[in-house]
2 protein chains.
Amino acid sequence: MENKRTDCEAINIDIVEKVRPKMPEMNLLYELSDFFKVMGDGTRIQLLWALEESEMCVGDLAVLLNMTKSAVSHQLKVLRVAKLVRAEKKGKNVYYSLNDHHVKLILEKALEHVSE
Amino acid sequence: MENKRTDCEAINIDIVEKVRPKMPEMNLLYELSDFFKVMGDGTRIQLLWALEESEMCVGDLAVLLNMTKSAVSHQLKVLRVAKLVRAEKKGKNVYYSLNDHHVKLILEKALEHVSE
DNA sequence: ACAATAGTTGAATAATTGTTCAATTGTGGT
DNA sequence: ACCACAATTGAACAATTATTCAACTATTGT
């Protein structure tokens, strides 16, 4: 993402240079887009949405979403790595719950956006 | 996304049936995940970030992000289709600006999330 | 100890997607 | 009318990714 090249000169150098110092650090940029990438999948949105209502185990989530346990587990792992959910083993089952209070707020804002 | 199948029975039917009616419509689900998909790309985040500071034309955005005009134009189209930015032709240049007040709020919330 | 069940994992496959390249459109200046 | 420049477009390519399948781990109940 660093070794790309422009094929043109600036038209309004003043604007470009005024905006440039406001741009986010590479680091922050990756974290932001990675976060949205995680949210950008229907299955994962459903999982978060469900877990907003109640903590649930993998099998129940699979039934609710009408998917295989494997597929659900794979996506839960993505959410777990992103620290959006956390897992707790209770006997034979693993119960998942939301791990981040921002998710609900962001989902609500996004909801406002898409339903306007 | 409809023709998937579970490979198991519910463990807590009560929870599944309590949560089921709260789940989002297919329609809304697609709109939500599509929205996040659009946000889930570093280039597009940078474009939105820049346009939050000032309206800019394609060439200037290309210089700012150190990319080709073509690549920038392709991504601006994605943002345009998603109604997040709008384009206005002024002479030989096309100036883009933000078209949605939710984007800033959502970016801010996401920022809080990733930088905690 | 054994069978049954819940969940995880890795490889394979299919689908999606971002950038490049080349060609094209449209506008302004001369 | 023509040339230079800004931007768009479509095809091609590489990279990423969601689901399936099969194998595996771990736990409960008998």
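Owing to the predicted nature of the structure, the values given are computational and were not obtained by experimental measurement. What's counted below: heavy atoms across the whole structure, side chains too, no hydrogens, waters or symmetry copies. Chain naming here is simple, since letters A, B, ... match the order of the sequence lines and numbering starts at 1 in each.
Residue-level contact check: K90(B) touches neither bases nor backbone, having no heavy atom under 4.0 Å from any strand. The residue C8(A) sits apart from the nucleic acid: no heavy atom pair falls under 4.0 Å.
In this structure, CG of L79(B) is placed 10 Å from P of dG18(C), rounded to the nearest angstrom. The interatomic distance linking L76(A) (CG) with dA6(C) (P) rounds to 16 Å, in whole Å. When the C1' atom of dT8(D) is taken as reference, atom NZ of K92(B) falls 16 Å away, rounded to whole Å. Here the P atom of nucleotide dT27(C) and the CD atom of E88(B) are 14 Å apart, to the nearest Å. Here dT17(C) presents its P atom at 11 Å from CG of D41(B), a figure rounded to the nearest Å. Residue N93(A) contributes atom CG, which lies 14 Å from atom C1' of dT8(C) at whole-angstrom precision. One can place CZ of F36(A) at 15 Å from P of dG18(C), the figure rounded to the nearest angstrom. Rounded to an integer number of Å, the gap from CG of D60(B) to P of dC5(D) is 16 Å.
Classification of the H102(B)-H113(A) ring pair by plane angle, with boundaries at 30° and 60°, yields perpendicular.
Taking both residues in full, the closest heavy atoms of P24(A) and L29(A) are given as CG-CD1, 4.1 Å, listed atom of the first, atom of the second, then distance.
Note that CD1 of I45(B) is 5.0 Å distant from CZ of F36(A), once rounded to the nearest 0.5 Å.
When side chains are defined from C-beta on, Q46(A) does not count as touching L64(A), because their heavy atoms never get closer than 4.5 Å. Between Y96(A) and L79(A) the shortest side-chain heavy-atom distance does not fall below 4.5 Å.
The side chain of Y96(A) places an N or O atom within less than 4.0 Å of a non-bridging phosphate oxygen (OP1 or OP2) of dT8(C).
The pair K90(A)-E55(A) meets the salt-bridge criterion, since a charged nitrogen lies less than 4.0 angstrom from a carboxylate oxygen.
Listed nucleotides dG7(C), dA26(D), dA7(D) differ in distance to V58(B); the shortest reach to its side chain belongs to dA7(D).
Each of C57(B) and K37(A) has a nearest nucleotide on DNA chain D; the 5'-most of these lies closest to C57(B).
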Nucleotide N/O of nucleotides 9-11 of chain D paired with protein N/O under 3.5 Å:
unit_1, atom_1, unit_2, atom_2, d
dT9(D), OP2, K77(B), NZ, 3.4
dT9(D), O4, S70(B), OG, 2.7
dG10(D), O6, H74(B), NE2, 2.8

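The side chain to side chain contact (heavy atoms under 4.5 Å, CB included) test with L51(B) singles out one residue from L98(B), N99(B), V103(B), and that residue is L98(B).
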